[in-house]
*Asks:* 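A single structure is presented below for examination.
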Amino acid sequence: MDLAFLNELNDSQRKAVEYTDGASLVIAGAGSGKTRVLTYKIAFLLKQGIPASSILALTFTNKAAREMKKRIAEMVGDKTARYLWMGTFHSIFSRILRAEEGKTGFTRNFTVYDSSDSNSLIKSIIKELKLDDKVYKPGLVHSRISTAKNNLITPAAYSANSDLQKADFNSRIPLIKDIYTIYCNRCKQADAMDFDDLLLQTNLLFRNNFDVLEKYQRFFSYILVDEYQDTNFAQYLIVKKLAELHERICVVGDDAQSIYSFRGANIDNILQFRNTYKNAQVFKLEQNYRSTQTIVNAANSLIDKNEKQIRKNVFSEKEVGNLIKVSCTINDYEEGNLVAREITNFRVKDKFSYQQVAILYRTNAQSRVIEEALRKELIPYRIYGGLSFYQRKEIKDVIAYCRLVCNPHDEEALKRIINVPARGIGDTTVNKILDCAKTHSTTPWMVISDVLGHNLPVNAGTATKLANFKTIIDNFSLLSDTLNAYELVETIIKATGILSETYTDTSAENISRQENIQELLKAVHEFCENKEKNGEQNSLSDFLSEVSLLTDQDTDKDSDKNKVTMMTVHAAKGLEFKVVFIVGMEEDLFPSSYNVTSERDLEEERRLFYVAITRAEELCYISYAQSRFRNGSTNFSNPSRFIDDINPEYLIMPEKENYQRKTNRFDNWDDDIEVERMKFGNGFGSRPSRNETFIPQQPKRMVKIENSGKERKEIQNGQFKPDQKVKHSIFGTGKIVSIYLDGANEKAEIDFDGKGKKTLLLKFAKLEIIE
DNA sequence: TGACCGCGTCTTTTT
DNA sequence: GACGCGGTCA
């Protein structure tokens with residue numbers, strides 16, 4: 001057995017790889033070779049003769065799985081590696097759920113609803129219940145349902161749980177339980193699972209079928225989990241159950257990089273690992289091979305401000321490197337220019353190529369200004385995230401046809417394309433069908449299949465149109481027995497005229513739509529060839545079962561080589577770049593004011609910043625703007641408190657003078673560049689005369705400037721005043737710090753006894769005045 | 001039924 | 001600024 005590759009590891013990496021007898025936790029600091037440990041460990045297991053098919057490796061993204069599999073194949077050979085169970089939780093367990101069809105009430109061809117399908121279904125349920133969608137906001141309802149599912153709370157349990165009912169009642173949305181119940185019934189009827197179902201149903205499968213659980217427990221003799229800090233309760237429990245028999249489980253992660261709590265990720269899973277697995281070995285990887293000492297030390301000094309963490313000593317033995325330059329510009333527009341100019345500088349000096357540079361931001365909306373600036377400087381870039389390929393209208397339309405062909409009961413797919421291209425079946429008819437399906441407790445497809453039998457109140461013309469539509473879909477379904485995915489998708493595109501719909505128009509938009517459809521065809525083609533090569537199925541439903549779990553990250557193209565990368569910090573997790581620009585480091589944006597209502601949330605934002613900094617290998621730039629065009633108006637902002645969290649010895653700060661400057665000058669990295677005129681939005685020619693908004697002060701709160709130029713801060717409220725003592729149903733008693741207006745929302749900042757300061761929306765908070 | 005217009009709302013991150 | 005919704009008109 002050739003184990004020479006183990007010599008490529010450092011001491012702690014090697015120990016982590018070689019320990020295979022029981023549970024282990026690998027705490028991997030940023031850049032410490034986490035992926036290396038995982039791949040080498042799997043290779044190590046394989047070399048010892050453990051069959052690939054008995055190793056389950058769960059990753060966070062498809063891309064991570066693919067890359068890891070590739071590396072393992074290089075080490076141990078393609079044949080040995082091929083049968084590894086490696087993928088995201090969602091893709092692995094959707095495979096298992098399909099294999100175990102019938103045990104969960106879903107067939108093996110179940111559709112996967114993406115978030116917009118879920119939202120759309122929730123929206124129609126809210127409408128059917130005649131509820132106000134301003135109160136029952138679909139997004140909000142979805143997130144409540146999602147949270148419930150991630151915590152394995154079924155609709156019945158949700159309705160029965162008095163705490164949840166009380167919370168919903170206090171939030172004035174007591175009927176969530178009904179929406180949740182109906183939502184689940186409708187999904188089941190449509191033979192559709194949403195993302196969260198994939199985890200929830202897996203748990204139900206294992207809970208209700210001990211024999212099935214036992215089968216997989218025996219089957220998977222070794223389990224590895226990557227990015228364990230970002231697992232939620234549903235994922236935690238799946239892993240725990242599967243590992244119960246052997247306890248040969250190895251989880252890898254970094255608590256300092258846990259940034260997905262909004263998706264239900266629970267950092268306690270990693271913090272409490274040793275309580276779950278009493279005999280667990282812990283390995284710490286602390287040497288960072290990625291970044292300069294300055295970057296590592298700066299990141300350490302930042303994360304040190306977090307209370308909740310596993311202390312570790314991440315260090316780098318690379319060169320000391322450059323200090324992190326912090327820059328301040330007058331507005332977001334100049335910030336973009338600053339970044340673009342600096343990137344051009346690199347090119348002139350031949351220091352870095354474009355693909356070694358990344359620009360990271362907190363929100364996708366920030367990409368726009370930066371994009372403009374890069375374009376002006378003729379810098380090629382690639383934006384990740386935002387509207388992903390598979391969320392584009394034309395792609396979703398084609399996919400919806402495919403979904404309907406494989407599963408005609410898929411309500412969301414039906415609604416989407418029943419009138420695309422226009423065939424005279426409008427909203428009125430669709431609503432009648434939905435109504436009718438509801439009263440007959442059946443699916444819309446059944447109604448269309450037998451219009452007369454269901455007494456659908458439409459005229460003969462409409463009935464014919466519906467019959468024609470049904471014939472189209474039925475014909476495709478017949479073809480699906482003989483054609484592979486590529487042939488069928490091609491037929492669908494041609495026969496439905498989706499493509500020809502765009503032919504008439506030669507606008508740039510339509511050309512891009514055509515290209516996208518061609519791109520999709522290419523992807524299906526590749527899928528079919530790949531599957532054929534491996535002797536696997538390549539029918540349309542096989543394609544669909546994979547495509548619904550793909551994301552933008554998975555569509556890398558060769559043409560994207562040598563471009564600057566632009567993405568959110570979240571999307572950058574796991575990646576590394578020679579040069580990283582972190583833009584928009586402003587209070588209320590980063591940390592995001594929407595996100596932060598507690599110290600716990602603030603710590604997550606801080607971890608997010610930590611992730612951003614540690615992406616950089618050699619150079620890291622941080623910038624913030626004094627004003628920014630956001631949500632249709634210009635807002636003044638203060639530098640992020642996180643900048644102060646970094647030990648200043650690693651930073652070059654903008655000169656203090658610039659910090660508070662009242663003139664139109666801005667600080668920049670090249671002092672000789674001419675100052676451009678500030679760009680302010682509509683009718684905002686005159687700046688407010690007050691300057692104090694530029695002076696850093698506590699609390700660092702963004703002051704909203706209306707277009708009229710008026711400044712609004714704290715406001716009067718008839719009922720609530722600062723210093724009042726109040727009681728909240730969840731947070732208990734506290735004292736009001738301030739009442740202020742955020743946009744149109746009246747908010748209260750309250751210092752709760754023992755719970756710290758929180759910001760609440762007055763209209764929802766239901767506060768009781770104590771004194 | 002479908003195209004178009006204007007208004008109001010909502011702006012975080014993603015498998 | 002962008003999008004979705006509701007209303008109006010052909």
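Quick caveat: nothing in here was measured; it's all calculated off a predicted structure. Here is how names work: the chains are called A, B, and so on, in the same order as the sequence lines, proteins then strands, and each is numbered from 1.
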*Asks:* Please determine if a side-chain N or O atom of A:N419 lies less than 4.0 Å away from the OP1 or OP2 oxygen of B:dT1.
*Replies:* no
*Asks:* Which whole-number value in Å describes the distance from A:Q257 CD to B:dT13 P?
*Replies:* 20 Å
*Asks:* Anything under 3.5 Å between a protein N or O and an N or O of nucleotides 5-9 of chain C, put it in a table, one pair a line.
*Replies:*
from	atom 1	to	atom 2	distance (Å)
C:dC5	OP1	A:K123	NZ	2.5

*Asks:* A:F89 and side chain to side chain contact (heavy atoms under 4.5 Å, CB included): which partner among A:T231, A:L198, A:N232?
*Replies:* A:T231
*Asks:* List for me each residue that meets salt bridge (Lys or Arg N to Asp or Glu O under 4.0 Å) alongside A:E412, sequence neighbours excluded, and say none if there are none.
*Replies:* A:K415
*Asks:* Under 4.0 Å: is that the gap between some side-chain N or O of A:T429 and OP1 or OP2 of B:dT1?
*Replies:* yes
*Asks:* Does B:dT14 have its OP1 or OP2 closer than 4.0 Å to a side-chain nitrogen or oxygen of A:T568?
*Replies:* yes
*Asks:* How far does OH of A:Y236 sit from CG of A:D268, to the nearest 0.5 angstrom?
*Replies:* 10.5 Å
*Asks:* With sequence neighbours excluded, what pairs up with A:K432 under the salt bridge (Lys or Arg N to Asp or Glu O under 4.0 Å) test?
*Replies:* none
*Asks:* Using a cut-off of strictly less than 4.0 Å, decide whether A:T61 has a side-chain nitrogen or oxygen near OP1 or OP2 of B:dT15.
*Replies:* no
*Asks:* Are there any protein N/O atoms within less than 3.5 Å of an N/O atom in nucleotides 8-10 of chain B, and if so, which ones and at what distance?
*Replies:*
from	atom 1	to	atom 2	distance (Å)
B:dC10	OP1	A:K137	NZ	3.4

*Asks:* Considering residues at least two apart in sequence or located in another chain, which fulfil the side-chain hydrogen bond (donor to acceptor under 3.5 Å, both in side chains) criterion with A:R423?
*Replies:* A:Y401
*Asks:* For A:T462, give me all partners under side-chain hydrogen bond (donor to acceptor under 3.5 Å, both in side chains), at least two apart in sequence or on another chain.
*Replies:* A:N459
*Asks:* Across the strands shown, which category fits A:T428 at heavy-atom distances under 4.0 angstrom: base, sugar-phosphate, nothing?
*Replies:* sugar-phosphate
*Asks:* May I ask you to say what A:F89 touches in the nucleic acid, namely base, sugar-phosphate or nothing, with a heavy-atom cut-off under 4.0 Å?
*Replies:* nothing
*Asks:* Which whole-number value in Å describes the distance from A:H142 NE2 to B:dT14 P?
*Replies:* 15 Å
*Asks:* Calculate the interatomic distance between A:D601 atom CG and B:dT13 atom P; express it in whole Å.
*Replies:* 16 Å
*Asks:* Can you list the residues that meet the salt bridge (Lys or Arg N to Asp or Glu O under 4.0 Å) rule with A:D542, with sequence neighbours excluded?
*Replies:* none
*Asks:* Is there a donor and acceptor pair, one atom on the side chain of A:R362 and one on the base of B:dT13, closer than 3.5 Å?
*Replies:* yes
*Asks:* Using the test ring pair (Phe, Tyr, Trp, His ring centres under 6.0 Å), find all partners of A:Y260 that sit at least two apart in sequence or belong to another chain.
*Replies:* A:F60, A:F262, A:H570
*Asks:* Could you tell me whether the phosphate oxygens of B:dT15, OP1 or OP2, come under 4.0 Å of any side-chain nitrogen or oxygen in A:N232?
*Replies:* no
*Asks:* Can you name the residues that form a side-chain hydrogen bond (donor to acceptor under 3.5 Å, both in side chains) with A:N419, not counting sequence neighbours?
*Replies:* none
